[in-house]
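Take a look at the structure below.
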Amino acid sequence: MSDEEIRKTNESSDIFNEMPEFIASVPSIASGFALTDSNSPRYKSFSAIRKRFGEFLHQASVALLGQGDENTVDAVQMLIRSCRTYLFEYGDSRDDHSSQRDRYVEEISLSRQYAKQKMWPRAIFVRRARLYHAARLHWNSLERYKGPLEDAIIDDMMEWSMWHYATVRAQSQSLLESMTFRYDGVRRRCYPRLYSNLVKGTEDDRMKGALYTLNSSAFAKCAMGEPTLVKDFIKTMFNCQWNEKPSIQDCVSTMTENCMSSLVEPNYIVFSVDHPPTAISVATLQELVPRSLADPKLVSKCEANRKKRIQSYNDAVAETIRNVLEVANDPATHWRYEIAAIRILRTLIRRDQCIGAPQLQYFLEQTAADHPSMRYYAQRAVMKATRYLKLRAHNNGIKDLALSRHPTKVACFTRVVTEEMGWRFAAWAPELTTRYWAEIGSEHDEVRAYIADALVVFQKIHWRPRPSVPVAEVFVRECRTRPTSDDIMGIDSGWHMKQFMQLVDRLPKMRETRLTGARAPRSPYDRTLTTIIKWLSQSLYDINASSVFQYLLPLLPELFKAAELQDSDELAGRSQMLLVTMCGVTPPLSLVPRLLETIFETVRHSTSWRIRLNTLPILQVCYFRNVPLIEDEMVIRIQDVLSERLNDEVVEVREMAATTLSGILRCSPRRSILILKERFARRASNITLPKRNAPSYPTKLRQLHAAILGVTALIDAFPYSVPHWLPELIGDVLSRHAYDPIPISSSVRKCATKFKETHSDTWHEDSLKFDEEQMSALTTLLAGSSYYA
């Protein structure tokens with residue numbers, strides 16, 4: 001665009017309350033255009049043709065809008081596509097840049113023969129040249145001049161976006177949204193007309209079209225993010241109550257929900273804070289800038305405009321609060337709009353200004369409202385207002401109010417400093433560590449998140465390897481030669497261990513006094529354990545992940561219990577995720593037995609069957625991930641624990657123990673498998689079920705089911721092979737219990753069906769290992785008994 005076009009565009013820019021001197025523009029770059037001289041006859045001729053085409057589109061739009069016949073739908077869609085071509089195509093297709101980029105990357109991948117390749121085929125350089133040219137065309141098309149003709153086409157698209165055919169509305173709304181990214185000032189021109197089509201008496205189709213247009217991110221989020229626009233936007237939104245049509249109200253609800261995240265708390269006090277370092281930086285910059293470039297008048301003009309802009313923001317916020325309060329206090333307001341009103345009022349509670357009496361009174365009244373959502377937002381609004389009142393009452397001036405002694409600000413500032421300084425922050429870490437552990441159960445979610453991040457950083461900056469001499473060569477040699485029991489990597493440094501163990505000792509008592517129901521997530525137990533889990537979860541993804549196990553082992557019992565909480569989805573989910581993530585990290589060799597022993601203790605002695613049920617898969621994953629580190633004696637111990645759980649009182653736990661045992665047997669020594677085979681077969685043959693009314697019947701049924709589950713675990717452990725002893729288990733053990741009471745019979749048939757499915761591809765070979773009697777027994781298990789048998 002030329003300087004004159006830029007000046008005209010800035011007068012109607014979508015950047016509100018800003019000086020034209022501070023509205024940037026994209027400078028054009030040479031792109032190999034055939035016509036560059038605007039005074040040449042050919043340039044004027046082609047410009048006239050383009051203008052004539054635009055005028056034709058506008059005239060056609062006016063004519064079609066006047067007809068209103070359904071037979072014109074195809075013509076209107078062709079018109080909108082033509083308008084898109086007129087407005088966006090610039091020397092090439094608007095998608096050419098992205099397609100050229102994708103093709104270039106694809107051809108580079110196909111032509112690369114080795115890393116850091118410098119020599120390429122000629123086709124690669126031709127493709128690169130085309131990509132660079134497309135990039136230049138794309139750059140020049142980022143900003144387009146919006147003159148009177150473009151304004152007329154924008155008005156036409158506004159009308160089509162509110163037409164009575166939904167397909168046409170959607171197509172024109174998409175074009176309008178795309179125009180906001182190329183033409184500055186589209187929003188400013190569209191808002192008044194959109195608002196005027198939401199007033200009482202507007203046709204449903206036009207109102208729905210206006211709502212859908214406003215709901216796009218290009219319009220709604222811009223309006224909610226600009227204080228001088230939000231007052232009209234919210235006022236118009238609340239005025240939509242008059243139309244009771246459900247589809248219209250659904251549009252309003254969707255738009256309200258999408259826009260609420262863009263409405264932020266207003267706070268402009270930062271401009272009133274004297275910050276010496278900033279003043280020093282400004283003075284230094286002024287010394288570096290040549291005096292010929294300095295413009296004191298422009299600086300003064302900018303400062304005056306800034307004051308004017310902030311005043312307009314404050315006035316707009318105050319007017320918005322008055323308008324929303326008026327709607328909220330109106331008895332005729334629908335409850336959906338009341339909820340939206342109280343959410344807006346809660347957001348507009350300001351840190352830098354006292355809350356008004358009418359606004360606070362409304363919050364207090366709604367704390368006892370009949371609707372639960374109204375009570376919820378009102379109570380949190382009162383909490384926010386009183387927190388800010390306390391903050392203002394105890395600050396030492398405007399600077400303290402702006403920077404705040406709020407824990408969130410302190411924690412945020414500390415995180416920035418630690419990330420910048422790294423290990424150099426170690427000298428200040430002990431004092432902050434003590435303070436953070438005291439606030440680990442803070443009521444503020446953001447504070448707890450910052451504390452979790454800080455604990456990760458503090459542990460990392462204090463992590464030191466322990467070679468005899470701090471030299472890289474010595475460190476590498478000693479890693480290779482020293483015994484594995486020596487902690488040369490400093491994994492067991494335990495920087496937080498003292499405070500951590502004190503907290504672990506307190507957790508059981510905190511769990512006993514834990515709140516229940518909807519208030520449970522706000523309990524000190526939930527807040528504290530959530531922070532610990534965030535810290536450990538982040539550490540497991542770091543380079544010193546193995547050091548986390550010294551903290552995880554004492555915490556495992558609490559994690560297993562927290563994973564089963566029914567009234568705190570967040571804590572339960574985070575606990576389960578931490579347990580799963582833990583299984584993916586290799587622990588220190590010395591801690592593997594302790595890790596397994598802790599899991600054994602939970603599996604064997606937990607009073608909750610759900611905990612026992614969900615701990616068994618954790619044991620299986622731990623085993624798979626650490627097979628090379630587990631000694632044969634510990635493998636036998638794992639098998640014994642699982643065999644014991646096959647006799648659990650709860651059927652679900654018994655079946656999960658069988659599934660876990662089956663998986664572990666696939667990676668176990670063959671000698672232990674044969675021992676288990678003899679054990680389970682002997683138990684199954686030695687147990688005889690008494691009559692159902694006998695006192696010992698439940699115990700005997702459970703014991704027999706445990707033996708059968710052990711047999712099925714052995715069979716399931718070989719899904720693609722048939723050991724020499726397996727046909728005997730099927731023919732002599734399982735077949736005898738095919739008609740036993742449930743759950744024994746169901747386990748037998750499930751095992752037989754699964755065996756046939758997994759061996760179907762090689763059954764022509766596997767079937768040869770069965771004798772006639774064993775094959776008949778397997779067929780009976782799969783098909784049931786014959787009527788004529």
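In this chain, numbering begins with 1 at the start of the sequence shown.
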(message) Any non-hydrogen side-chain atom of Leu701 less than 4.5 Å from a side-chain atom of Tyr697?
(response) yes
Should the ring pair His496 and Trp437 be called parallel, tilted or perpendicular, given that the plane angle runs from 0 to 90° and is split at 30 and 60?
tilted
Can you check side-chain hydrogen bond (donor to acceptor under 3.5 Å, both in side chains) on Asp453 and Gln538, steps first, answer last?
CA-CA 8 Å; Asp453 294 341; Gln538 294 180 48; 3.0 Å; yes
**Message:** Do the side chains of Glu649 and Arg654 get close enough for a salt bridge, i.e. N-O under 4.0 angstrom?
**Reply:** no
key: Heavy-atom check, side chain of Ile533 versus side chain of Leu571, under 4.5 Å   = yes
* Heavy-atom distance under 4.5 Å between the side chains of Ile630 and Tyr623, does that happen here? -> yes
Could you walk me through whether Gln499 and Leu503 pass the side-chain contact (heavy atoms from CB on, under 4.5 Å) check? CA-CA 6 Å; Gln499 298 94 331; Leu503 179 62; over 6 Å; no
- Query: Would you say Glu558 and Arg511 make side-chain contact, with heavy atoms under 4.5 Å?
  - Reply: yes
#### Entry: Geometric cation-pi criterion Arg749 and Tyr739, 6.0 Å radius, 45° cone
yes
What do the steps show when you test Trp763 against Phe770 for ring pair (Phe, Tyr, Trp, His ring centres under 6.0 Å), and what is the final call? CA-CA 11 Å; Trp763 186 240; Phe770 290 77; 5.8 Å; yes
**Asked** Should His724 and Lys769 count as side-chain neighbours, where that means a heavy-atom distance under 4.5 Å?
**Response** no
Quiz prompt | Salt bridge Lys750-Glu655, side-chain N to carboxylate O under 4.0 Å | solution = no
Would you please say whether a donor-acceptor pair under 3.5 Å links the side chains of Asp526 and Ser568? yes
Minimal heavy-atom distance between Ser668 and Val635, with the atoms involved, is OG-CG1, 4.0 Å
Are the side chain of Ser721 and the backbone of Phe718 linked by a donor-acceptor contact shorter than 3.5 Å?
no
| Can Glu443 and Arg522 be counted as an ion pair, charged N to O under 4.0 angstrom? | no
Exercise for the section: Using a strict cut-off of less than 4.0 Å between a Lys/Arg side-chain nitrogen and an Asp/Glu carboxylate oxygen, indicate whether Glu570 and Arg574 qualify as a salt bridge. Expected result: yes
_With heavy-atom distances below 4.5 Å as the criterion, would you say the side chains of Ser747 and Leu709 are in contact?_
yes
If we count only N and O atoms by modelled type, under 3.5 Å, do the side chains of Ser745 and His737 hold a donor and an acceptor together? no
**Message:** Closer than 3.5 angstrom, by distance alone: can the side chain of Arg448 be matched with the main-chain N or O of Ser442 as a donor-acceptor pair?
**Reply:** yes
**Side-chain donor-acceptor pair present, Glu564, Ser608, cut-off under 3.5 Å** = no
task = Check whether any side-chain heavy atom of Leu661 lies under 4.5 Å from a side-chain heavy atom of Gln620, and answer yes or no.
result = no
- request: I would like to know whether Leu729 and Phe680 meet side-chain contact (heavy atoms from CB on, under 4.5 Å); could you show each step before the answer?
  value: CA-CA 10 Å; Leu729 280 182; Phe680 293 135; over 6 Å; no
Under the salt bridge (charged side-chain N to carboxylate O under 4.0 Å, His left out) criterion, do Glu678 and Arg683 qualify, and how do the steps go?
CA-CA 9 Å; Glu678 295 296 333; Arg683 289 180 180 177; over 6 Å; no
Checking side-chain polar atoms at under 3.5 Å, does Arg514 have a donor or acceptor matched by the opposite partner on Tyr525? no
### Message
For a ring pair (Phe, Tyr, Trp, His ring centres under 6.0 Å) check, start with the C-alpha distance between His462 and Phe458, then their side-chain angles and the critical distance, and finish with the verdict.
### Response
CA-CA 6 Å; His462 284 88; Phe458 292 165; 7.4 Å; no
With distance as the sole test, does Asn544 use its side chain to make a donor-acceptor pair with the main-chain N or O of Ser547 at under 3.5 Å?
no
Would you say the side chain of Pro741 lies within less than 4.5 Å of the side chain of Leu689, judging by non-hydrogen atoms? yes
So, Ser546 side chain and Thr586 main chain: donor-acceptor pair closer than 3.5 Å or not? yes
**Report entry** Derivation and outcome, salt bridge (charged side-chain N to carboxylate O under 4.0 Å, His left out), residues Asp640 and Arg679
**Finding:** CA-CA 11 Å; Asp640 291 341; Arg679 179 191 303 174; 3.7 Å; yes
Donor-acceptor pair between Ser539 and Gln459 side chains, under 3.5 angstrom:
no
